[in-house]
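Just below is one structure, and these are the notes that go with it.
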Amino acid sequence: QLHLVESGGGSVQSGGTLELSCLVSGEMYSSYSMGWFRQVQGKQREAVAALDSDGHERFAGSVQGRFQIFELKYRKTLYLRMNIVKPEDTAMYYCAAGPDVLEYGWSIKESAFTDWGQGTQVTVSS
């Protein structure tokens, strides 16, 4: 099982930029997916962005064109670069990993992710 630790959350003004990091400990799966999810208190957790070991990337429509997801394997770290942030991006952000590549299609299935971090809070002020 992997151990994931997020960092980089905080407060940022609308229109600004924030970069989240997720440090991965343990033996990474030979084929894998990694992703970012977010949750507002009282609401269902939603997928934000994901990538896999085959080089595929996927984004939620609400962040497409604003957010970037990338990994630095030598640092064992996943990143989420949040550009042009909006107040509606305010949430707890979670990093997750799963033991297979993303399924064919456009969605990011939460059930495919088996390892989760504790989350980092992002607050966007208007």
Side-chain angles (χ1 to χ4, degrees):
Q1 190 169 1
L2 303 176
H3 183 57
L4 310 177
V5 178
E6 303 94 337
S7 61
S11 297
V12 60
Q13 285 197 324
S14 181
T17 296
L18 199 64
E19 187 170 275
L20 307 183
S21 303
C22 173
L23 179 63
V24 181
S25 300
E27 188 72 25
M28 178 53 84
Y29 308 113
S30 54
S31 292
Y32 61 86
S33 300
M34 293 201 71
W36 290 95
F37 294 77
R38 66 188 181 187
Q39 187 171 26
V40 176
Q41 195 169 8
K43 294 189 176 181
Q44 197 168 4
R45 186 162 56 191
E46 63 174 359
V48 175
L51 54 76
D52 67 21
S53 49
D54 281 355
H56 301 112
E57 294 181 356
R58 217 163 278 173
F59 296 89
S62 58
V63 307
Q64 181 81 46
R66 298 190 296 121
F67 288 11
Q68 297 168 289
I69 185 171
F70 59 99
E71 61 175 335
L72 292 180
K73 291 183 181 179
Y74 75 96
R75 288 186 179 174
K76 300 188 74 174
T77 302
L78 178 74
Y79 297 89
L80 181 71
R81 186 166 179 83
M82 307 168 61
N83 300 305
I84 318 174
V85 295
K86 302 176 181 180
E88 51 263 44
D89 294 322
T90 295
M92 183 70 79
Y93 283 71
Y94 298 91
C95 172
D100 207 345
V101 296
L102 295 170
E103 287 188 10
Y104 179 80
W106 296 104
S107 65
I108 302 170
K109 293 185 178 180
E110 184 173 325
S111 58
F113 294 82
T114 55
D115 306 279
W116 292 82
Q118 293 300 305
T120 185
Q121 177 68 35
V122 172
T123 302
V124 182
S125 58
S126 56

State, to 0.1 Å, how close [X] and [Y] come at their nearest heavy-atom pair, and which atoms those are.
X      : Y      : value
Lys43  : Gln39  : O-NE2, 3.0 Å
Ser14  : Ser126 : CB-CA, 4.1 Å
Leu80  : Ala49  : CD1-CB, 4.2 Å
Val40  : Ala91  : CG2-CB, 4.0 Å
Val122 : Met82  : CG1-CE, 3.9 Å

Just how far is it from atom [atom1] of [X] to atom [atom2] of [Y], taken to the nearest 0.5 Å?
X     : Y      : atom1 : atom2 : answer
Asp89 : Thr123 : CG    : OG1   : 11.0 Å
Ser53 : Leu102 : OG    : CG    : 8.5 Å
Leu20 : Ser7   : CG    : OG    : 8.0 Å
Gln41 : Thr90  : CD    : OG1   : 13.0 Å
Arg81 : Glu19  : CZ    : CD    : 5.0 Å
Gln64 : Phe59  : CD    : CZ    : 6.5 Å

Of Phe37, Trp36, Tyr93, the one forming a ring pair (Phe, Tyr, Trp, His ring centres under 6.0 Å) with Trp116 is Phe37
Heavy-atom distance under 4.5 Å between the side chains of [X] and [Y], does that happen here?
X      : Y      : result
Val24  : Met34  : yes
Leu72  : Tyr79  : yes
Tyr94  : Arg38  : no
Thr77  : Glu71  : no
Ile108 : Phe113 : yes

If you group Ile, Leu, Val, Met, Phe, Trp and Tyr by side-chain heavy-atom gaps below 4.5 Å, do [X] and [Y] land in one group?
X      : Y     : value
Val124 : Leu18 : yes
Leu51  : Met28 : yes
Tyr29  : Ile69 : yes

Contacts of Glu110 meeting salt bridge (charged side-chain N to carboxylate O under 4.0 Å, His left out) (sequence neighbours excluded), chain-then-number -> Arg45
Residues passing the salt bridge (charged side-chain N to carboxylate O under 4.0 Å, His left out) test with Arg58, sequence neighbours excluded, are none
Is it the case that the side chain of [X] and the backbone of [Y] share a donor-acceptor pair, with hydrogens and angles ignored and the cut-off at 3.5 Å?
X      : Y      : value
Glu6   : Gly119 : yes
Thr114 : Gly98  : no
Ser21  : Gly8   : no
Asn83  : Thr17  : no
Asp115 : Leu2   : yes
Arg66  : Ser62  : yes

Residues pairing under disulfide bond (SG atoms under 2.5 Å apart) where one sits in residues 21-124, two or more places apart or in two chains, turn out to be Cys22-Cys95
Q: Classify the side-chain pair Tyr32/Asp54 by whether it contains a donor and acceptor separated by less than 3.5 Å.
A: no
- prompt: Has Lys109 got more than 12 heavy atoms of other residues, nucleotides or ligands less than 6.0 Å from its NZ?
  reply: no
